[in-house]
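Residue numbers start at 1 and run along the sequence shown.
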Amino acid sequence: MRYRFDVVVVGGGHAGIEAGVAAARLGARVALAVPNPDTIGVMPCNPAVGGPGKSQLVFELVALGGVMGSLADETAIHGRTLNASKGPAVQSLRVQSERDGYAAAAKALVDATSGVAVVRGEVAELLVDQGSGQAAGVRFSDGREIAAGAVVLCAGTFLRGVIWYGRKQRAAGRQGEAPARHLSSSLVATGHRLTRFKTGTPPRVRADSVDFGVLQVVPPDRPAASFTGTPGPRVTESPTWLTRTTDATHSLIHEHLGESAMYAGVIDGEGPRYCPSIEDKVVRFADKDHHLLFVEPDGVDTSEVYLQGFSSSMPPYLQERMVRTLPGFERASIQRYAYAVEYDALDPNQLDVTLMSRLLPGLFTAGQINGTSGYEEAAAQGLLAGVNAVRWAAEGPAAARVTVRRDEGYLGVLVDDLVRWGVAEPYRMLTSRNEYRLLHRQDNAAARLAALGHAWGLVSAERLAAVRASEARVTAEVARFGRTRIGGDLAATVLCRPGEDYAGLLARIGAPTVALDAAEQRRVEIEVRYASYIERSRRQLEARRQYERVLLDGVAFERVSSLSAEGRQALENARPATLGAAQRVRGVRDSDVAALLVHLRARTTVSRGTAAA
């Protein structure tokens with residue numbers, strides 16, 4: 001049996017949801033292929049969205065027309081701004097969502113999106129048009145086929161997935177779900193290189209077996225913040241808590257390291273450096289006498305809590321003993337055991353900045369299949385892949401495909417890091433990865449990217465007009481603070497003093513013609529207080545942006561004189577599109593960039609001379 005769609009999206013996780021919904025909203029007929037429709041939008045790891053580097057991605061998703069921010073807000077039971085005492089470049093919202101509520105809301109959104117058809121089954125093979133050499137659809141393990149102009153793979157941890165409890169393993173993409181058994185072979189058959197990665201998840205503990213009275217309470221922020229500007233109705237309903245490991249925890253782990261799947265040597269996949277297992281923490285940070293753990297509810301009325309920071313591949317009997325060494329967990333009962341999952345991932349060096357494969361045109365990939373970790377990274381890739389898949393399906397190679405540049409936002413940094421450098425371990429977005437982080441804050445995401453979302457077709461004209469009106473109010477108010485005096489000082493100078501804030505200064509300088517909402521007032525405070533740093537960052541960005549505009553189309557790197565051997569090989573492997581991208585390729589030296597500039601200028605001179613003749 002053969003069906004026909006414009007785009008087929010494989011996988012119903014965070015990447016697949018964004019890709020499918022975006023493609024449908026742009027007018028495509030979309031097949032969302034999933035083994036079990038009931039698992040669409042499931043949060044298999046922590047029941048939260050956001051955090052440092054990640055919240056910035058979610059705010060950008062909202063600005064571009066994505067859906068993760070609204071789903072997180074709708075189902076939030078706890079919201080808190082992390083790094084609130086630090087500068088605005090690293091302040092990051094983290095929203096604790098009701099786990100089952102998020103999945104239900106995500107599935108309801110998919111079901112309500114016109115143009116999306118959920119197709120149940122295991123995708124086993126990519127279809128390739130023999131004439132054009134382009135992706136032409138997918139084949140299911142039962143023989144059914146979906147013909148499509150573009151394919152978006154969002155396979156998560158399911159490619160030849162294996163989960164580990166100690167030395168015992170079984171084939172699974174995650175607990176209780178079968179892996180994708182055949183799709184890896186199809187990717188290899190089409191010329192793609194795969195690698196093997198590992199990640200893990202902590203145990204879930206029965207809430208009624210925890211002594212919350214001895215835990216440190218972490219209350220939600222009041223007033224509550226949100227990704228969309230509209231906090232959810234239950235966002236202040238639940239606290240979270242803190243506990244810690246103890247000497248007994250560490251001793252128990254050291255005594256039984258040989259029973260950990262990671263330390264027993266039975267796992268080949270590389271694990272995430274920035275989200276290590278509790279075994280990794282105890283071994284790698286032997287000087288620490290404890291590690292903080294976050295106790296997070298899976299919902300307001302749930303029977304489970306999530307032990308953030310305690311992922312493990314120890315056998316279940318040891319997990320029981322380990323958990324009971326934690327303050328407040330002495331009588332804990334584990335409802336779902338921690339496990340490690342090992343899976344295949346695609347080397348993202350094989351993609352271009354639209355997330356399309358360079359080896360199989362029309363094939364797009366997003367999420368953990370590209371070597372990333374985290375819901376937010378997956379969703380951001382899914383949106384970009386979905387938009388480009390629609391364009392490719394409609395027009396093929398002639399399509400005007402899109403991306404977000406590194407100098408435009410965190411999504412640009414994510415894509416640039418992946419396709420230029422590849423990954424040696426699961427990639428996690430961090431604020432430290434973004435050299436423009438003071439300019440790419442979560443509070444100005446809409447101002448930066450709403451126009452781009454409108455150009456893509458995902459942001460309405462009304463929404464764009466509202467963003468621009470808001471930005472105009474902020475700009476006008478910053479200017480007013482720069483010219484209005486309080487005594488002998490400018491209001492902008494006074495606002496920079498400790499203890500001063502926007503609301504307090506209005507009593508002295510008067511209200512603006514049009515009142516600003518709380519988010520706009522916060523923007524004014526940031527723009528005024530950090531004005532000199534922001535201006536310096538803008539100058540630095542503009543200097544680098546000039547290199548981003550220098551195209552390397554048609555440059556034969558083997559003919560560029562004075563390139564180092566390492567630089568030439570790195571450039572030939574990465575094939576960067578611009579001089580700015582070339583500058584960021586590992587192995588490329590400053591002298592190599594200078595050599596490229598000389599070559600490009602010489603080529604331009606020759607071209608002009610030929611034209612004149």
Side-chain angles (χ1 to χ4, degrees), residues 43-52 77-85 92 94-99 199-221 236-257 260 272 274-340:
M43 291 178 145
C45 203
N46 60 306
V49 172
I77 58 173
H78 177 100
R80 184 165 169 259
T81 297
L82 308 183
N83 297 324
S85 62
S92 308
R94 190 171 190 269
V95 164
Q96 191 82 21
S97 288
E98 190 165 42
R99 184 196 64 203
T199 189
T201 188
R204 273 68 161 185
V205 179
R206 285 184 59 93
D208 59 9
S209 69
V210 177
D211 182 2
F212 289 97
V214 303
L215 304 183
Q216 180 182 339
V217 177
V218 181
D221 286 348
T236 60
E237 197 158 328
S238 175
T240 59
W241 301 266
L242 286 173
T243 188
R244 57 196 289 172
T245 59
T246 64
D247 289 342
T249 317
H250 296 197
S251 296
L252 191 58
I253 289 172
H254 279 296
E255 290 168 11
H256 296 275
L257 270 180
S260 162
Y274 298 105
C275 190
S277 68
I278 191 62
E279 298 99 285
D280 275 338
K281 289 180 183 178
V282 169
V283 172
R284 287 164 50 187
F285 307 105
D287 58 317
K288 304 291 185 183
D289 62 3
H290 73 276
H291 296 281
L292 284 178
L293 304 173
F294 297 85
V295 182
E296 302 174 339
D298 273 359
V300 174
D301 302 315
T302 185
S303 62
E304 293 181 356
V305 293
Y306 179 91
L307 204 48
Q308 172 76 351
F310 206 77
S311 66
S312 175
S313 60
M314 286 289 198
Y317 88 94
L318 270 175
Q319 291 185 40
E320 295 274 6
R321 294 176 61 190
M322 288 160 54
V323 168
R324 289 175 182 169
T325 64
L326 309 176
F329 286 77
E330 292 84 358
R331 298 179 181 178
S333 173
I334 295 179
Q335 195 149 300
R336 289 189 289 166
Y337 290 100
Y339 61 88

Please tell me if the side chains of [X] and [Y] come closer than 4.5 Å, counting only heavy atoms from C-beta onward.
X	Y	answer
Arg244	Leu242	no
Val295	Leu307	yes
His256	Tyr317	yes
Leu293	Thr245	yes
Pro315	Tyr337	no
Ile334	Pro316	no
Phe310	Met322	yes
Lys281	Ile253	no

Is there a donor-acceptor pair closer than 3.5 Å between any side-chain N or O of [X] and the backbone N or O of [Y]?
X	Y	answer
Arg331	Phe329	no
Glu98	Ile77	no
His78	Ser238	yes
Asn46	Gln308	no

Would you compute the distance between atom [atom1] of [X] and atom [atom2] of [Y] and round it to the nearest 0.5 angstrom?
X	Y	atom1	atom2	result
Arg336	Arg204	CZ	CZ	4.5 Å
Thr325	Glu330	OG1	CD	9.0 Å
Ser97	Met43	OG	CE	4.5 Å
Glu279	Ser311	CD	OG	7.5 Å
His291	Thr243	NE2	OG1	13.0 Å

Point to revise | Step-by-step salt bridge (charged side-chain N to carboxylate O under 4.0 Å, His left out) determination, Arg321 to Glu255 | key: CA-CA 12 Å; Arg321 294 176 61 190; Glu255 290 168 11; 5.2 Å; no
How close do [X] and [Y] get, counting heavy atoms only, and between which atoms?
X	Y	answer
Pro52	Leu82	CD-CD1, 3.7 Å
Pro327	Thr246	CD-CG2, 3.8 Å
Val323	Ala332	CG1-CB, 3.7 Å
Gly309	Ile278	O-CD1, 4.0 Å
Pro47	Glu296	CD-OE1, 4.1 Å

Could you list the donor-acceptor pairs under 3.5 angstrom formed between side-chain atoms of residues 210-220 and any protein atom two or more places apart in sequence or on another chain?
| from | atom 1 | to | atom 2 | distance (Å) |
| --- | --- | --- | --- | --- |
| Asp211 | OD1 | Gly213 | N | 3.1 |

Practice item. Go through the steps to decide whether Ser277 and Ser312 satisfy the test side-chain hydrogen bond (donor to acceptor under 3.5 Å, both in side chains), and finish with yes or no. Key: CA-CA 5 Å; Ser277 68; Ser312 175; over 6 Å; no
**Study point:** salt bridge (charged side-chain N to carboxylate O under 4.0 Å, His left out) against Asp247, all qualifying residues, sequence neighbours excluded
**Key:**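 In terms of salt bridge (charged side-chain N to carboxylate O under 4.0 Å, His left out), with neighbours along the sequence ignored, Asp247 is linked to no residue.
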Point to revise | Those residues that, when tested against Arg324, pass salt bridge (charged side-chain N to carboxylate O under 4.0 Å, His left out) (two or more places apart) | key: Glu320
Check your understanding: If you draw a 6.0 Å radius around CZ in Arg284, do more than 12 non-hydrogen atoms from other residues or ligands fall strictly inside?
Key -> yes
Review point. Would you say the side chains of Gln335 and Ser303 form a donor-acceptor pair under 3.5 Å?
Key: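 Per modelled atom types, Gln335 and Ser303 side chains form a pair under 3.5 Å.
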